Amino acid sequence: MMDAFRCNQCGYETLSEKYYCPKCRNSSFSRLDIEGKGEVYSFTTIHIAPPKFADKAPYQVVLVQLTERLRVTGYMDEDIDIGDSVSFKEIQEGAYIFQKSS
Ligand SMILES: [Zn+2]
């Protein structure tokens, strides 16, 4: 499960709590529990990583479509393709880690 927030006015969804909606400037949000399952929208394979992640390369930076309105950038160490089903695994150093769904 992941925590998300939805703007009560325009329906904008985000994973990080905000004071103002970037779309409509409304300041009232509802908390959503989302399952954390989605599809790979796009991805990039990182072969040469910044020093902090050097021991993890190669890895994938994935854009995951979590809900109709919410896409999130995550990280995976498995081979993937656009359209693959993935699920949220954990947060590591502030990064969202995903894994392939079986
Ligand atoms: Zn809004």
Side-chain angles (χ1 to χ4, degrees):
M1 294 286 262
M2 303 171 87
D3 281 337
F5 303 90
R6 179 188 284 150
C7 171
N8 288 332
Q9 189 161 293
C10 74
Y12 171 82
E13 292 175 5
T14 176
L15 289 182
S16 50
E17 195 161 15
K18 293 178 169 30
Y19 289 108
Y20 292 100
C21 173
K23 289 215 160 146
C24 72
R25 309 305 290 168
N26 169 46
S27 59
S28 149
F29 288 84
S30 299
R31 187 177 277 267
L32 299 175
D33 277 334
I34 56 175
E35 219 178 335
K37 288 181 196 280
E39 274 190 4
V40 176
Y41 181 81
S42 69
F43 69 94
T44 308
T45 304
I46 306 296
H47 294 283
I48 301 171
K52 192 170 141 186
F53 299 117
D55 60 329
K56 298 199 167 78
Y59 59 87
Q60 331 281 355
V61 178
V62 290
L63 192 56
V64 179
Q65 185 90 42
L66 278 179
T67 70
E68 206 173 304
R69 291 186 169 129
L70 182 58
R71 281 179 204 149
V72 61
T73 300
Y75 298 84
M76 296 181 66
D77 59 8
E78 298 164 285
D79 283 335
I80 42 153
D81 222 329
I82 288 170
D84 280 358
S85 297
V86 295
S87 54
F88 172 67
K89 186 179 169 197
E90 60 188 349
I91 293 180
Q92 269 182 28
E93 300 185 52
Y96 295 98
I97 312 297
F98 283 84
Q99 63 191 0
K100 268 187 182 174
S101 295
S102 46

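We count ligands from 1, going down the list as the structure has it; atoms in each ligand are counted the same way. Because the structure is predicted, anything quoted here is derived from the model rather than measured. Scope of the values below: all heavy atoms of this structure, side chains included, with no hydrogens, waters or symmetry mates.
For the Zn ion (ligand 1), the tally of protein N/O/S atoms lying closer than 2.8 Å stands at 4.
In terms of the salt bridge (Lys or Arg N to Asp or Glu O under 4.0 Å) criterion, residue partners of Asp3 (sequence neighbours excluded) are, by chain and number, Arg31.
Gln65 CD to Ser42 OG: the interatomic distance, rounded to the nearest 0.5 Å, is 10.0 Å.
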**OP:** Would you check, one step at a time, whether the test side chain to side chain contact (heavy atoms under 4.5 Å, CB included) holds for Leu66 with Glu39?
**Re:** CA-CA 7 Å; Leu66 278 179; Glu39 274 190 4; over 6 Å; no
Which atom pairs, one a donor and one an acceptor, fall under 3.5 Å between side chains of residues 73-90 and the rest of the protein, sequence neighbours left out?
from	atom 1	to	atom 2	distance (Å)
Glu78	OE1	Lys100	N	2.9
Asp84	OD2	Asp81	N	2.8
Glu90	OE2	Gln92	NE2	2.8

Contacts under 3.5 angstrom, residues 13-24 side chains, donor-acceptor by atom type, not counting sequence neighbours:
from	atom 1	to	atom 2	distance (Å)
Glu13	OE1	Thr67	OG1	2.6
Glu13	OE2	Arg6	NE	3.0
Glu13	OE2	Arg6	NH2	2.9
Thr14	OG1	Ser16	N	3.2
Thr14	OG1	Ser16	O	3.3
Thr14	OG1	Lys18	NZ	3.2
Ser16	OG	Lys18	NZ	3.0

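Hydrophobic clustering, with ILVMFWY side chains joined whenever heavy atoms are under 4.5 angstrom apart, keeps Tyr41 apart from Tyr96.
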